[in-house]
Amino acid sequence: MRLTMALAAVAVFTVPFVILLVLVRTSFSPLTELDEGIALSLHAHALENPGYTTFLSVGTEVFGPWTWRVLVVLTAVWLWRRGAPRLAIWAVATITFGGLLNLALKMIVDRARPALPDPVAWAPGASFPSGHAMGAALGACILVLILLPFLRGTASRITVWAVAAVIMVFVAYSRVALGVHWTSDVIAGVALGVAVVVGAAAGFEAWRRGEGRRPAEPHVEGVEPEAFRGGRSG
């Protein structure tokens with residue numbers, strides 16, 4: 001039942017991405033008009049508030065893809081030294097797969113970035129899906145799933161998930177407000193990033209059960225709770 005629910009969660013985040021992918025590829029007019037309207041509105045606000053724009057520029061780079069990659073790799077090294085090599089491999093493999101998937105999709109879709117008058121920021125490459133938004137979703141979710149076994153109480157778990165959600169929303173908003181992505185790009189990036197992590201966590205849980213370990217709820221207990229409760233992963 002729990003694995004079925006995990007697969008359902010993957011579908012919940014994959015379906016919006018697929019819908020957006022189809023609409024972008026077919027140049028669906030209502031979506032295009034919505035994207036352009038939001039982009040122009042936020043761009044005007046950015047031009048009128050240079051301090052606000054600087055804050056977004058710094059924030060979007062602080063929480064950029066390379067920050068999450070470094071954090072996940074450092075965490076994986078720590079996990080390996082603590083005797084949890086499979087969890088370390090899971091973390092690195094998940095964020096690596098997500099990054100490569102993002103790159104492949106960018107090349108396939110090849111959507112142009114916004115071309116706004118008096119741009120306040122610039123970014124290379126194609127636009128869909130947003131690499132920053134997807135990277136934040138991947139990194140934040142991976143780190144939370146590793147952190148959960150150390151937390152006690154529902155309030156602390158809700159707090160870390162809320163912090164992760166706020167970071168994802170901030171990064172997604174900053175990319176649109178800076179005029180380097182469309183709204184549909186960042187929504188697709190977050191949705192796909194979460195779907196990748198949920199799918200990877202479900203796969204890891206299936207492996208755990210195949211090894212005869214007790215069923216766990218990754219979103220509550222973490223991906224491999226026994227690694228930090230007196231056991232070793234492998």
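As a basis for the values below, the full set of heavy atoms in this structure was taken, side chains included, without hydrogen atoms, waters or symmetry mates.
Residue pairs meeting the salt bridge (charged side-chain N to carboxylate O under 4.0 Å, His left out) criterion with at least one member in residues 19-42, sequence neighbours excluded, are D35-R111. Within the structure, ring pair (Phe, Tyr, Trp, His ring centres under 6.0 Å) pairs that include any residue of residues 120-148 comprise F17-F128 (at least two apart or interchain).
Taking every heavy atom of both residues into account, P124 and R113 meet most closely at O-NH2, 2.7 Å. Contact detail for G139 and V72: the closest heavy-atom pair is CA-CG2, 4.4 Å. Between L47 and P117, the closest heavy-atom pair is CD1-O, 4.4 Å. For the residue pair L116 and A39, the shortest heavy atom distance occurs at CD1-O, 4.3 Å. For the pair V24 and S184, the tightest heavy-atom approach, listed with the atom from each and the gap, is CG2-OG, 4.2 Å. In this structure, G131 and P65 approach most closely via the heavy-atom pair O-CG, 3.7 Å.
Hydrophobic clustering places V197 together with I187 (ILVMFWY residues linked when any side-chain heavy atoms are closer than 4.5 Å, directly or through intermediates). Cluster membership check: L138 does not share its hydrophobic cluster with V73, using side-chain heavy-atom separations under 4.5 Å among Ile, Leu, Val, Met, Phe, Trp and Tyr. The same ILVMFWY cluster, assembled from side-chain heavy atoms under 4.5 Å apart, contains both L145 and F150. In this structure, V198 is not a member of the same hydrophobic cluster as V220, with clusters built from ILVMFWY side-chain heavy atoms closer than 4.5 Å. Linking Ile, Leu, Val, Met, Phe, Trp and Tyr residues whenever their side-chain heavy atoms come within less than 4.5 Å leaves W182 and L23 in two separate clusters.
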Any chance you could lay out the side chain to side chain contact (heavy atoms under 4.5 Å, CB included) test for L192 and L105, step after step, and finish with the verdict?
-> CA-CA 11 Å; L192 186 59; L105 287 168; 3.3 Å; yes
Does the side chain to side chain contact (heavy atoms under 4.5 Å, CB included) test come out yes or no for T183 and L34, once each step is laid out?
-> CA-CA 8 Å; T183 300; L34 178 64; over 6 Å; no
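A search for side-chain contact (heavy atoms from CB on, under 4.5 Å) contacts involving L71 returns T67, W68, L143, not counting sequence neighbours. In this structure, D110 has no side chain to side chain donor-acceptor pair (under 3.5 Å) partners at least two apart in sequence or on a different chain.
Separation of atoms CG (L151) and CD1 (I158) is listed at 11.5 Å; rounding is to 0.5 Å. Distance check: R82 CZ to T75 OG1 gives 12.0 Å after rounding to the nearest 0.5 Å. Atom CH2 of W161 and atom CG of L147 lie 10.0 Å apart (nearest 0.5 Å). In this structure, CG in L87 is found 4.5 Å from CG in L79, a value given to the nearest 0.5 Å. In this structure, CD1 on I142 lies 7.0 Å from CD1 on I146, to the nearest 0.5 angstrom.
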Sequence neighbours left out, cut at 3.5 Å: what donor-acceptor pairs do the side chains of residues 163-175 make with other protein atoms?
{"residue": "Y173", "atom": "OH", "partner": "Y52", "partner atom": "OH", "Å": "2.1"}
{"residue": "S174", "atom": "OG", "partner": "T60", "partner atom": "OG1", "Å": "3.1"}
{"residue": "S174", "atom": "OG", "partner": "F170", "partner atom": "O", "Å": "3.4"}
{"residue": "S174", "atom": "OG", "partner": "V171", "partner atom": "O", "Å": "2.7"}
{"residue": "R175", "atom": "NH1", "partner": "T60", "partner atom": "OG1", "Å": "3.3"}

Donor-acceptor list for residues 90-97 side chains, cut-off 3.5 Å, not counting sequence neighbours:
{"residue": "W90", "atom": "NE1", "partner": "A200", "partner atom": "O", "Å": "3.1"}
{"residue": "T94", "atom": "OG1", "partner": "W90", "partner atom": "O", "Å": "2.7"}
{"residue": "T96", "atom": "OG1", "partner": "V92", "partner atom": "O", "Å": "2.7"}

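Of the possible donor and acceptor atoms, none in the side chain of S130 sits under 3.5 Å from a partner among the backbone N and O of D185.
For the pair V160 and L148, the minimum side-chain heavy-atom distance is below 4.5 Å. Considering only heavy atoms from C-beta on, T53 comes within 4.5 Å of L178 through its side chain.
For the pair R69 and W66, the cation-pi criterion (under 6.0 Å, within 45° of the ring axis) is fulfilled.
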